[in-house]
Structure formats: structure tokens, C-alpha cells
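This is the structure I have questions about; it appears just below.
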Amino acid sequence: MPMEKTFNAAEAEARLYDAWEKAGCFKAGANASRPETFCIMIPPPNVTGSLHMGHAFNNTLQDILVRWHRMRGFDTLWQPGQDHAGIATQMVVERELAKEGKSRRDFTREEFLAKVWEWKGQSGGTIINQLKRLGASCDWSRNAFTMSGAPNAPAGEEGNFHDAVIKVFVDMYDKGYIYRGKRLVNWDPHFETAISDLEVEQVEVDGHMWRLRYALENGETYEHPVEWDEDGNPTAHETRDYLVVATTRPETMLGDTGVAVHPDDPRYRHLIGKTVRLPLCGRSIPIVADEYADPEKGTGAVKITPAHDFNDWEVGQRTNLRAINVMTTRAAMFLKDNPEFAEGCDPDLVAKAIERLDGIDRYEAREAIINEATDDGWLDGIDSDRHMVPHGDRSKTAIEPYLTDQWFVDTAKIVGPALDAVRKGETKILPEQHEKVYFHWLENIEPWCISRQLWWGHQIPVWYGPPLASKELSQRSYDLIAQMDAAEIEKDKAKQDEIWSELDQVLRQLETQETILFCASSENEVQKQAEKFYGCPVTIDWGGSDIADLSTQQRYRLGNRQSGGWYKSGNSQSVDVVNLERDPDVLDTWFSSGLWPIGTLGWPEQTDELNKYFPTDVLITGFDIIFFWVARMMMMQLAVVDRIPFHTVYVHALVRDEKGKKMSKSLGNVLDPLELIEEYGADAVRFTLTSMAAMGRDLKLSTQRIAGYRNFGTKLWNAARFAEMNGVFEGYARDGTVPQPTETVNKWIVGETARVRQTVDEALAAYRFNDAANALYAFVWGKVCDWYVEFSKPLLLDGSEAERAETRATMAWVIDQCLILLHPMMPFITEELWGTLGTRPKMLVHADWPTYGPELVDPAADREMNWVIGLIEEIRSARAQMHVPAGLHVPVLQTGLDAAGRDAWARNEALVKRLARVESLTEVDTLPKGCVTIAVEGGTFALPLADIIDVGEEKARLEKTLAKLEKELGGLTGRLKNPKFVESAPEEVVEETRDLAAAKTDEAAKLRTALERLAELA
RNA sequence: GGGUGAUUAGCUCAGUGGUAGAGCGCUUCGUUCACAUCGAAGAUGUCGGGAGUUCGAAUCUCUCAUCACCCA
């Protein structure tokens, strides 16, 4: 049964992938035949994710390297996995709950986490199946997950990534690389969690700049310029008893604790140290000097809200201003029960502000405040203003700088080795320009906020215990409680009150002491530490405790997050008991992803895989996560195991739409790789991406291009089909032995194959994926299909038995080489052909990658076939231009052909005749006048078509060719005449130029002769 | 504002000092038994502008213009 005319990708892909998996072809070490290892860690997609074009590109490149190394016999591992994507996953599950009218808060933390795991079990494998559709040859038996082995993980989610994360946190904490601190962080009011500065996007929005008047206190005034001369010097002033501050965020004014002016600003210099009265609440706030206030911008006076703005925080730190938080975790106004806010304000105004503003959303508050300012006359004006507003990259809501306790990695302490490794070239970043980006970011690195107020994630392994009371205070509290007991017995109310009052003071003193932190990787360890510290039994509350159930807002109010047991309890029992509570927060997902290289290999256990594959080889990733992930992996691996995680980072570009726009859902220009795979086949999609993967340049993807590479697959398919139909694979040895042909065409194609093998290997070794793809495209289509298959026809159809046998063997080998070399890029169609064309000892995925090289190139055969190809092209071109009917076989004349030409013709007569539609070749001394002339190296050919050709047209054709030739010749001789060129250019360049000039001169002479003949005719 | 990159055929892009290229599209011709998802032939370039280095510049340097991205 003959093969189908095209490859049925839809039918074959799933079947082939299944066969590979069933045979364990992708398992770590499969097909290994040499000691070297090769390991790639997949950049873990979100467990909520689905395959987009960027994934398709990224994983295609990884798969090429992995399949290439596996075929070359390296002990290869492509480690797959997903990350748990804290916010994104929690968002997805909460959305599911919302459909049932429920929220996360309707469940306990444990219940909610069970739901997340349940969701993960059902939907978390989506992207795995999509990667399989693409053909990704990952070792799925090792699929990793950044939450595997977490305490609440269900069966099937074992693994020890959790252990790795916790151990690293503890190690880094012990080394002093991680600390807890009250700092301004980027707060996402939608998810009510801190996020890192990398998760913040600056979005330009049209907004307003509101000018507000803050009254100067104690009768102070200043002169405000109102008229200026031509040079901009003020010529008239007005006296003002207020300062005008400009702000884009009036709602923060309730937290203002100062107004900053530039120390050298002549308008305000004398006011520094004086105060203004804050409208709405009557707080008296100082005017401070700080260079942050730009005299050129706005009014030169800036309201300072340290608790709600990063710049203001800095100013506040420098000038000793209070930081007053006036918002809740949902960015509503927080005024009631907020002693910080009320302190120093007019109680009546505070009551009024609470009544009007407490609990309302920040944007409503903004409006209300502006209305009030308008009504009360302290709104100075409104200007429209376009400015950048930070937004959460997940929630898309404006983030709020917010003052909370968070955990930070002190990145400055671990950045050094990560910088050095790249500086010294231990890790290379390609393309090189990205090294600059890497350096720039790391050299200016900020502390990394790693705590998140979420439930889904690795809970921070820190427990809080009560402060240890001093002996005196402890004793005093014992005594007081004893007295209280006595008073209780005596029912002496006055005495009880007196004791309570004193006890209250003791308690206050205890409260002001620091909470005790215990950081350890296990409950046992924490308990041991705590018991040693307190010298008494310790119980541990493992979450779900009071604190964990408090809203984050309530926790904020608690400030120092004191835990249940305040102090050594002072009852009359002889044994004291201390209760510890765990920090309810979880770690940033990127903290766990940062351990991907070691974590997936089983660290902290010293597994065989860890010893074998770490450090890994190449990381292939998009530039958008250089900071998020690459830099952090470098820092963390070096900090934890003191080794680089990989020696090469290949940073690929962005896949855009065909107009160059970033693909986005809102623009609707997203190309879905799965749809493309369905329409064109995975191989076409892969090959397209590969051929466009020039380093450092974005890809503009069009379906037309994909269709083109689908056609390429069909072309290969049909070349194989031709071979199969001609019995090429019957009796073929299939042991990979390079054929030793005697026919020139066969020698030639063997050499061409050897060349492309070398080109492909060199290109892949240099991560020049597009060069490899394009070389193969040019070889398979341009050499094998266009020429070799055609050349083989006379031999296969009309050749002698020996010629037939030799050509069959050569063609079988050549097609096998095409399949092998193309396999990493087009795994499906090549594997299918491999199986179709014969019975093989191994599947193509494990076929041996060839090592032959230029030694297979036969220069004489090469020269000869190029001459034959040139001759055929010339004859075809002349025929087409002279309108010779396509089907007509024409006689050809030849004159002055040299020995090489005669030999070439003799050996390849059948080929030329067939491909150029030549009827006969006759040698003549002089060419007839009316003929089409073809000048080639070593002789002149002509088509005697006096009755067909148009003399004018032939003349024009020859003149055009001649003109082009002469132009080239002009350049060449110009250079050769220049003595400096001959002196300074490399010898081979000069030699090459001379040869070329000679050949062109020769050809030009022949054309001139032809033109003369034509002239005689006319 | 700071940084990085780009500008080459109608379109998308290769090409880092030595004869300007590919694919797609376009025009003409062709169903000869691998393939019409095909074949043959053809047209199309002041390599963004200017200056410099060099025997020689698309390529190196400077400068201007335009565009894109990243960071503030």
C-alpha cells in the first residue's frame, strides 16, 4: 500500500507521543551512552496556567536541546514541573467558591487549602497535557510541584519540595539573610497581601493634581510671587497665610505629618520649623526642609504622608516625622479606633471625620474630601495630570504603600556571589546584552519582601512566643496574683481594684518587650528550642489559632503580633506552660521557585539525581523573568549550596503578533498554540518558532509562515514517499554506515549531508536555533528535494543494476540523515517516517546522532555537480526568457568545451537532458548566428532556435547579463588595481578576487561574442 | 528622566570588515508517474540620514531622526 500523500499530524501526534512515553524514551538517562550529563530545568509554569505562545516557544527550544543531547548519547534529564502560584491559584479557587456564593472566609484555613488541593488535582495538569501536544520530551515521571510534600498535601502530592523551602528559609534565617521588619510595602488591597516590587506595574493614568491650602499657624505668612518679568524673575507678590500643597492623592491627607519644602527655596526658607494646621482634623504638622521638595514642581511645598507613600516615607525618616496609617487592608479609610490618627488632633474634628469618612473606600474618600475642601474654601485649584500609578500585576488594582510587619530577604547580603558568577563567566547569559540588565538590577537591588498574607503557600516556619519576663517583673506578677487570690477570698473590692491597677502596669511593661521568635524546620525542633529558652513545657498551636483567624486588619492593629501567652503564666501551679503560635503568612511563590534547580532534584536529600545533574546545564527562559526568577535562583542556589545552578542562561525574546504587537487578551490578537497545532501540526509550529529564534529579536508570528513550514514537512514526506515507491529502503542496511558511492551525484549528496550535519551542530552548540533550522530547510528542500531526488531519477529508473543499488543505498541513507537531523525540531513527522520506511532497532527519538564531517566532501564531485546545476539553470533560464515551450525538448550545441566540461557532460548527460529538456548535444566549431547563447565555466552552450527566438529579446537578455557582469567586474578589477588592497588584504581574499575576476572576464568575453553574432543577423 | 535594542526587497527577517541573502507575497509559464501543501523562470535594494576609521563598511566609531522595550 503506497504512503499517503501528506502526513496526518492530527492522527499521528498523540499516537507517537504515547509510544515514546510508553517506551520510557524521555526518562532521565534514557539512551545514555556516554558519561556526560545534560540537564534542563523547565521554567515551571503556573499550575493555573495554560499553554500560550511564549510557553510554546520556550519549550520548543528546550526540547530541541534535550532531544539533540539525548540522541548524542548524553545522560539527559529534562525536569518538568509547575509552581503553585500563590495569588493566581487562590484567585482561581476563590472564583469557584464565589459561584456558590461563598468566600474564603466561610472556611477555615485547612478547609480552604483542601479545596485548593482538590482543584489542583482536577485542573492542575492542564498545561502538562498541552506541553505533550507540543511534543515536549520531559521526564514526566519526575514531574515536580513547588508545594509537594506540604503538611496538608493529599496523597499523590508527596515529594519534598516543601522540605527544601522550609530548610532554606531556616538556613537563611540562621545565617541572618532573612529578617522581619515593619516597613512600607506594596500592598494589594484586592488580595489584601503584600507583594514584591517586581509584581507592581506602573500604569499611566489620566488623573488630577489637586492643590490644597494648609493654613499657617501662629500668624506666619510668606510672600508668594504673582507676576514675573521676561527672565522669569518675580516682580509682584501677594502675602499668604497658607501653604498650597499639590497632590494626586488627597485621601491620604489625614495621614499627613508634615509639609516639606526645599531648604534653599527663598519663598519658604523662613517657614522651616513652623507649623501648618491640617484641614479636616486640625493636626498641627511641621514644615520641614528636604531636598525631595522640588521648587520647580507644583508649588514647591509637598505634603508628607510617610505611611502611604514611598518617597514620603524616606522624607519622614530623614526629618523625624510620624507615620500614621489611615487605611484598612482593603484601602478604606481607617479612622475609628485609630489612636495614632486621633493623637494631636482636635477631638471634635476627629469625631466629624470619623462620621463622614471612616470605612469608606479610598476613591470615595477622595471625592468626599475634595467636596469638603471646595465647601470650606481650602481647595486652591485642580489641574489635570497624567501620571504613573502602581498597579498589582495580578489584581490590576492600584496598589497602596502600606506599613506592616513583613519578612524580607536581605538581598544585599547574598547578591555578591550571584554577580561574581556572571562577571567571571561561570554562568553565561545569552544574548550578552542581558548581562547588563542582570548586573544593573542586582547592583541596585532592594530587600525582597517574601511574606504574603495568603493561605495557599508555604507557611513561614516561625513561631512566636511570649517575651520572657525579668525575674523581678515575673516575681512581682506572681505576688500580685497571690494577693489577688487573697482579696478574692476576702471579697475586698477596693483592694482588688488596687491590685488590678498595679497588675495592669506590670502587664504593660511585659507587653512592650519583644515577642520571641523561633525559626526551625520542624515542630520538634521548635519545641526543643522553646523549652530550652523558657525552661518549661511548651505547647504549639499549629495554625487555625486566634491570630490566624483574625483579619489582616485586626492583625495590623495588634501591631507586634503578640501571641496567646503573654508571659510566664503566674498561677500557683508548679509547672508553667508557654503557648507558641505560628506566623500565619506564607512565602512568596518565587521564593520556592528560586529553589527549583535543587528542589526538583530532591535536595535537601543527597539524591543520585542531585549528584548527577546538578549544577544543571542550560536555563531557557523569557527576559521578563530575569529578575523574578533567574537572578533569584542564582542568589539562592549560591547562598544555600554555594554552587551556580546552571552554566548558561539563554534568554529568548517575545512572541508577538504579525503586526509586532504584544499578544494580549484585551487586544484579541492572541494566537493559541493549541489551535495552531490542530491546524498545522505541532512540527510546523515548532519549526516556525525555531527558524525565527534569532537571538535578541522578537518574533512576529504569522500563520502564513506556519503554513509554509507545514508545507516543508509535506515536502520531506513526499521525498520519502518517492524513495519508498522506488524500493530505496528494501534491503537497506540501516546501521547508519555511511555509503561509499562511486556515482558523482551520490558522492555529492553525501558531502552535502556532511556539511549540513556540521552546520547544524555548530549552530545548536551556539544556541543559534534559527541557523540550524534554516540550514536544514535549505538542505532538505533546496538540495535533497530540488536536486538530488531529480538527479536520482535517471539512475533509479534507467540505471544499471549497480547504479540502482548504489543510488538506493545512498538515498536511503540521506533520507535517514534528514530524519535524524530534523528530529529535534520536527519530532513527530520524522518519527512517523522513521517507522514507516522500515523496521528499525530503535525509535528515532533514540537514534544515534551522526558525527561524520567534512571528510565526506568530495571536492571534485562537488565542483562537478555545481557545474551541472549551473548549466541546467542557465538553460532553463534562457528557455523561459525566450519563450521556448515548456514541454519542448531542444537540441543543444556546444563549442570550446574544456576537458573537465566534457567529462562532466559525459557523466551527467542523462541528468542534464532530463532536467533541462535537452534533446541532444552536438559539438560545433562555430555557433550559428541565430541562437541563444549560454556561457558557462569552461565553454559555451547554445540553443539553435533561429526560427523561434526574437533577436531583439535575446540581445536584451545578453546585454542585461553582460551589464550585471561588468558591474561586478568593475568592482573586482577596481580593487585589484588598488596596490593597497593587494598589500593589506589577506592573501586568500586577493586570490579569490583574482580567480573571480578571471572567470567573469571569461564569461563576459563569451557574451560579447554572442552579441556580435546577433548583430550580424540583424 | 535613565538604560537597552532596532531601522536591510512589497511584508517578515537573516547577515558583526571582503561578490547584498532567505521565506512569504507578486508576475509569467507548467498538472513529465514524490509532492499543486508542487515545479520552472522573473521583477523588486541610495542596507534610516549624515560624518569618520579602513585598501575595503549593511557590518566598527560618532552624530541626527524615527520606533520598540525595560527601569524610575
Taking only side-chain N and O atoms of K964(A), does any of them lie within less than 4.0 angstrom of OP1 or OP2 on U19(B)? no

Position toward the 5' end of RNA chain B (nearest nucleotide), I872(A) or V200(A): I872(A)

Is the closest side-chain heavy-atom distance between D816(A) and W834(A) below 4.5 Å? yes

Presence of K793(A) side-chain N/O under 4.0 Å of C33(B) phosphate oxygens OP1/OP2: no

By the 4.0 Å heavy-atom rule, please label N978(A) as base, sugar-phosphate, or nothing. sugar-phosphate

Taking any heavy-atom pair under 4.0 Å as a contact, classify P986(A): base, sugar-phosphate, or nothing. base

Looking at N711(A), does any N or O in its side chain come under 4.0 Å of the phosphate oxygens OP1/OP2 on C38(B)? yes

Base, sugar-phosphate, or nothing for E790(A), non-hydrogen atoms under 4.0 angstrom? base

Would you say the side chains of Q202(A) and H391(A) form a donor-acceptor pair under 3.5 Å? no

Distance between the C1' atoms of A58(B) and G48(B), in whole angstroms? 12 Å

Below 4.0 Å: OP1/OP2 of C38(B) and any side-chain N or O of K5(A): no

Students often get this wrong, so: under 4.0 angstrom with heavy atoms, is S984(A) touching a base, only sugar-phosphate, or nothing? base

Think T993(A) has a side-chain N or O under 4.0 angstrom from the OP1 or OP2 of U19(B)? no

Return the nucleotide paired to U54(B): Watson-Crick means purine N1 to pyrimidine N3 with N6-O4 or O6-N4, wobble means G-U with N1-O2 and O6-N3, both under 3.5 Å. none

Would you say T807(A) and N746(A) are linked by a side-chain donor-acceptor pair, where the criterion is simply a distance under 3.5 Å? yes

Looking only at N and O atoms, is any donor in the side chain of E874(A) or the base of A41(B) less than 3.5 Å from an acceptor on the other one? no

Should R768(A) be listed as having a side-chain N or O under 4.0 Å from OP1 or OP2 of A14(B)? no

Base, sugar-phosphate, or nothing: which does A694(A) touch, judged by heavy atoms less than 4.0 Å apart? sugar-phosphate

Quick one: label R721(A) by what it contacts on the DNA or RNA (base, sugar-phosphate, nothing), any heavy atom closer than 4.0 Å. sugar-phosphate

Nearest to side-chain heavy atoms of T714(A), which nucleotide of U37(B), C29(B), C35(B): U37(B)

Please report, rounded to the nearest Å, how far the P atom of A41(B) is from the CG atom of D786(A). 9 Å

Do F687(A) and Y680(A) make the cut of ring centroids closer than 6.0 angstrom? no

Between C62(B) and G39(B), how far is it from one P atom to the other, in whole Å? 46 Å

Please measure how far the P atom in G30(B) lies from the corresponding atom in G23(B), and state the result in whole Å. 23 Å

Kindly indicate whether a cation-pi arrangement holds for K428(A) with Y767(A), taking the cut-offs as under 6.0 Å to the six-membered ring centre and within 45° of the axis. no

Please tell me which of K1000(A) and M388(A) maps to the more 5' nucleotide of RNA chain B, matching each residue to the nucleotide holding its nearest heavy atom. K1000(A)

Gap in Å between the two C1' atoms, one belonging to C24(B) and one to A43(B), rounded: 16 Å

Does W781(A) place a side-chain N or O at less than 4.0 Å from the phosphate oxygens OP1/OP2 of U37(B)? no

Which of parallel (below 30°), tilted (30 to 60°) and perpendicular (above 60°) describes Y709(A) and F712(A)? perpendicular

Between the side-chain atoms of K715(A) and the base atoms of C35(B), is any donor-acceptor pair under 3.5 Å? yes

Does C33(B) have a Watson-Crick or wobble mate here (both distances under 3.5 Å), and if so which one? none

Please report the distance separating the C1' of U16(B) from the corresponding atom of U54(B), rounded so that it comes out in whole Å. 16 Å

For C24(B), does OP1 or OP2 lie under 4.0 Å from any side-chain N or O of R705(A)? no

